[in-house]
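First comes the structure, then the notes that go with it.
Numbers here simply count residues along the sequence, with the first being 1. These figures come from a predicted structure and were not determined experimentally.
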Amino acid sequence: MAVGQAPAPGVRGSGASGDPTPRNSTRQVVLASLVGTSIEFYDFYVYATAAVLVFPHLFFPAGDPTAATLQSLATFAIAFVARPVGSALFGHFGDRIGRKSTLVASLLTMGISTVLIGLLPGYEQIGVVAPLLLALCRFGQGLGLGGEWGGAALLATENAPAGKRAFFGTFPQLGAPIGFFFANGLFLLLSEFMDDATFLAWGWRVPFLVSAVLVVVGLWVRLSMHETPAFAKVVARNERAKVPFAQVFRSDLKALVLGTFIMLATYVLFYLMTVFSLSYGTAKTGLGYERSQFLVMLLVGVVFFGLTVPLAGWLADRFGRRPTLISTTVAIIVFGLLLGPWFGANSGVATVTFLIVGLGLMGMTFGPMGAVLPELFPTAVRYTGASVSYNLASLLGASVAPYIATWLASSYGLGWVGVYLAAMGAITLIALIISRETRETSIDD
């Protein structure tokens, strides 16, 4: 930039060191990290909702309803196998080429897969090919989301001002409650304005096809971004890792393992509070709520999820990452032990308060993760390290959580679902106690 020339619109000027790297404005950072993850999570939750409400009826042979639901949840789990693959693939390019280009590619992968699901014929039309195609598209969703979160978290934290990194790290985290709210809100509207026959015939396809419009918006926002300052410095110093995936396992294996188990309880809690609770709450063998009635209750709980995410980020900046997450994890363990009698009380007040508290705890544990996981890794392998640990946790926790919970509830009772959550919380608590505080870690290190 020439002397006396003003910075381009939306670009902050050079830092104190005279670094001429173009900087993203706070508005750009918020939009690019929040809009992108909202779209990605919207796509992901549209599938999660349909996996409970629609797919058992359309993509699998008629017969035992419980078996069909379990088969549908098995396809739901495929994405969690794909996510670590996506994190390694997109992480490689994110650490080699840059955060911006990789985030655009991950968004396209996720969006195209979601739209294709909305166009698939059912089991009655093409037989066993239908669930196979569904599984393939679900794999594509997982691949895209595997590269999405890490890049969005880095986009936020590597552009954050001093002392506000955890708060900035909550911008991509807010995509989870926003995406969930719109996905389930759209399903609720369709359920209200359509009868069951119309909804199953074609109405369920609308949320998947709407994703095409959302992806165009997300691409427009992200293409206007500059590369993050931290990655630009790595490029300038010629310090990019040749094979980031190999380097992170060779040099940062401890951080990778700790990051994975730090996220474990978060994932189990969320998918118990959303996928399992919806399945159990609307099943005749469960609580027996009407679909629209329970979706309204879930949306109330998700509001508290959204409110506690930035609160948790502020607390993590104020008091530290470990104290905030340790206290939240202890609360999750207690919540798990109360899950059986609380959720099983089968009253409107009990169900709503259960969802509010559970999803509120989800916000408290999920909020700081946008800063905690990136802070565990050096810049040269940060995209790969944060993404792989985040998505390995999804494979160990979220992928099997609805399936295990459904099996436990039907075989041994609801209380054992809570014991499962408490056990996963205990593992996360141990990982947090072993880990180091990262609040003062330099993001340029």
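The backbone N or O of V275 sits nowhere less than 3.5 Å from a side-chain atom of S279 that would complete a donor-acceptor pair. Formation of a donor-acceptor pair under 3.5 Å by the R83 side chain with backbone atoms of G146 is not found in this model. Side-chain atoms of T109 do not come within 3.5 Å of backbone N or O of G144 as any donor-acceptor pair. Put simply, the side chain of S327 gets close to the backbone of T324: a donor and an acceptor are under 3.5 Å apart. Between the side chain of T328 and the backbone N or O of L325, no donor-acceptor pair lies under 3.5 Å. Side-chain atoms of Q125 come within 3.5 Å of backbone N or O of G122 as a donor-acceptor pair.
Closest of all the heavy-atom pairs between A153 and P374 is CB-CG, 4.2 Å. When every heavy atom of S87 is checked against every heavy atom of N391, the shortest pair comes out as CB-ND2, 3.4 Å. Here the closest non-hydrogen pair linking A176 and F305 is CB-CZ, 3.9 Å. Minimum interatomic distance between A265 and M424 (heavy atoms only, all atoms of both residues): CB-O, 3.9 Å. Considering every non-hydrogen atom in both Y280 and A409, the closest pair reads CE1-CB, 4.0 Å. Smallest separation of non-hydrogen atoms from V381 and A241: CG1-CB, 3.9 Å.
E158 pairs with exactly one of R165, K233, R99 by the side-chain hydrogen bond (donor to acceptor under 3.5 Å, both in side chains) rule, that one being R99. Checked options Y42, F55, F59; the residue passing with Y47 is F55 (criterion: ring-ring contact (aromatic ring centres under 6.0 Å, His included)). Exactly one of T266, V309, T170 qualifies for a side chain to side chain contact (heavy atoms under 4.5 Å, CB included) with M369. That residue is T266.
Two residues are said to be in side-chain contact when any heavy atoms from C-beta on lie closer than 4.5 Å; L392 and V388 meet this criterion. Proximity of S277 to F343: side-chain heavy atoms (C-beta onward) are separated by under 4.5 Å at one or more points. Put simply, the side chain of D95 does not reach to within 4.5 Å of the side chain of F377, judged on heavy atoms.
Of the N and O atoms on the side chains of T260 and S389, not one donor lies less than 3.5 Å from an acceptor on the other residue.
Summarising the local packing, OH of Y403 is surrounded by 12 or fewer heavy atoms from other residues, nucleotides or ligands at distances under 6.0 Å. Environment of CZ in F335: crowded, with over 12 heavy atoms of neighbouring residues, nucleotides or ligands closer than 6.0 Å. Around atom CZ of F182, no more than 12 heavy atoms belonging to other residues, nucleotides or ligands sit under 6.0 Å away.
L133 pairs by the side-chain contact (heavy atoms from CB on, under 4.5 Å) definition with L120, I126, V129, not counting sequence neighbours. Residues passing the side-chain contact (heavy atoms from CB on, under 4.5 Å) test with V257, sequence neighbours excluded: L253, F261. A search for side-chain contact (heavy atoms from CB on, under 4.5 Å) contacts involving V243 returns A246, not counting sequence neighbours.
Ring orientation note: the planes of F171 and F168 are tilted relative to one another, at an angle of 30° to 60°.
Legend: side-chain hydrogen bond (donor to acceptor under 3.5 Å, both in side chains) pairs involving residues 138-156, not counting sequence neighbours, sorted by first then second residue: S106-E148, T114-Q141, R138-Q141, E148-R222, W149-Q173. Residue pairs that meet the salt bridge (Lys or Arg N to Asp or Glu O under 4.0 Å) test with at least one member in residues 312-336, sequence neighbours left out, are D317-R321, R321-E375. Under the salt bridge (Lys or Arg N to Asp or Glu O under 4.0 Å) criterion, no residue pair touches residues 261-273, with sequence neighbours excluded.
In this structure, Y412 has its ring center under 6.0 Å from that of W407.
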Does the side-chain contact (heavy atoms from CB on, under 4.5 Å) test come out yes or no for S394 and Y390, once each step is laid out? CA-CA 7 Å; S394 79; Y390 180 86; 5.8 Å; no

